[in-house]
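Reading through the structure tokens given below for one structure.
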Protein chains: 2
Amino acid sequence: MRQLVYEILEKQKKALSLYEIEQQFVNVERSTIFRTLKTFQDNYLIHSIDDGTGAVKYALCDDDCTCKPDDLHIHFLCNKCGQTHCMKDMPVPKMDLAEGFSFENANFVVKGICPNCR
Amino acid sequence: MRQLVYEILEKQKKALSLYEIEQQFVNVERSTIFRTLKTFQDNYLIHSIDDGTGAVKYALCDDDCTCKPDDLHIHFLCNKCGQTHCMKDMPVPKMDLAEGFSFENANFVVKGICPNCR
DNA sequence: GAGTACGTGCAACAGTATTGCAAAGTTTTA
DNA sequence: TAAAACTTTGCAATACTGTTGCACGTACTC
């Protein structure tokens with residue numbers, strides 16, 4: 001199961017939702033995939049993205065990704081096709097927060113139209 | 001109703017979820033508040049933030065806010081108390097997207113610990 | 001005062017995430 | 001190798017948020 005889910009994520013360049021992954025199988029329970037993804041996340045194989053569509057999406061981390069703040073990158077959500085792309089070469093910019101705020105994590109989703117939908 | 005909801009949002013410096021607003025009332029239906037907030041949004045009085053907690057939060061726009069991409073600012077979610085703050089003086093940085101991607105909107109949520117929770 | 005428009009509350013529903021439990025499968029151990 | 005221990009899976013149920021249909025009541029209009 002883990003291998004299969006991993007392969008699906010590997011094949012895709014984009015981030016997939018639980019539902020989308022489920023669609024790739026014929027007879028696999030959502031909860032099974034859910035728990036598989038959770039295992040992956042716990043072991044830093046994948047990262048999850050909340051792009052605001054209501055469904056969390058998942059994508060493979062790079063080999064050298066530690067899922068630490070330094071590795072954060074921007075995600076792009078196409079308003080037309082709904083696909084979410086990992087912009088792995090675009091790190092989330094560091095912001096100078098106001099006094100007293102400490103940085104732990106960030107979620108930066110840019111929305112617009114992707115090349116395929118123009 | 002609209003006045004009451006507006007006043008609640010005005011009093012708070014932070015963004016509130018539908019549920020949190022509901023808690024401020026004794027006998028008001030969720031749907032009523034929901035529709036009130038929707039009306040506000042349609043008329044650009046408030047903006048909604050998806051901070052990844054699962055609940056959309058709402059905050060007043062500035063007087064001169066057009067809710068257009070130029071007015072976007074960063075939001076800060078405290079991982080401890082769960083409160084979401086509007087960093088109205090911190091605009092979302094413009095990113096140079098890869099060829100073919102067009103920018104329409106963005107959501108930038110920084111997570112960490114807020115001054116109150118240190 | 002009849003008709004119309006608007007706001008509210010109730011109830012139901014949708015979509016996603018999440019958990020409990022038991023069955024099935026796998027590994028370990030004696 | 002058989003029993004015990006552990007892991008994974010599928011099913012069903014549930015939680016939570018958001019959303020809508022409908023009916024009722026109030027307020028406005030003519």
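Residue numbering restarts at 1 for every chain, and letters A, B, ... go by the order of the sequence lines.
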Original post:
Within this structure, what is the CG-to-P distance between A/D50 and D/dC16, rounded to whole angstrom?
Top reply: 18 Å
Subject >> B/I21 CD1 to D/dT17 C1', straight-line distance once rounded to whole Å >> reply: 14 Å
Original post:
For DNA chain C, which nucleotides open and close the run of contacts to chain B, 5' to 3', at under 4.0 angstrom from a non-hydrogen atom?
Top reply: C/dG7 to C/dC10
**OP:** Can you see which heavy atom on B/F103 is nearest to which on A/V110, and at what distance?
**Re:** CD1-CG1, 3.6 Å
Subject >> Beyond-backbone contact of A/V5 with A/F25, side-chain heavy atoms, under 4.5 angstrom >> reply: yes
Subject >> Under 4.0 angstrom between B/K38 side-chain N/O and D/dT20 OP1 or OP2 >> reply: yes
**OP:** Find which nucleotide of DNA chain C each of B/R30 and A/G54 is nearest to by heavy atoms, and output the residue with the more 5' nucleotide.
**Re:** B/R30
Original post:
About how many Å separate CG of B/L16 and CD of B/Q83, when rounded to the nearest 0.5 Å?
Top reply: 8.5 Å
Original post:
Can you tell me how far P of D/dT19 sits from CD of B/E22, to the nearest Å?
Top reply: 15 Å
**OP:** Rounded to the nearest angstrom, tell me the gap between atom CE in A/M1 and atom C1' in D/dT7.
**Re:** 15 Å
Subject >> A/T84 and its side chain to side chain donor-acceptor pair (under 3.5 Å) partner, picked from A/H75, A/K111, A/K57 >> reply: A/K57
Original post:
If you look at every strand shown and take non-hydrogen atoms under 4.0 Å, does B/F34 touch a base, only sugar-phosphate, or nothing?
Top reply: base
**OP:** Quick one: label B/S31 by what it contacts on the DNA or RNA (base, sugar-phosphate, nothing), any heavy atom closer than 4.0 Å.
**Re:** base
Original post:
Roughly how many Å is it from CD in A/E29 to P in D/dA13, rounded to a whole number?
Top reply: 13 Å
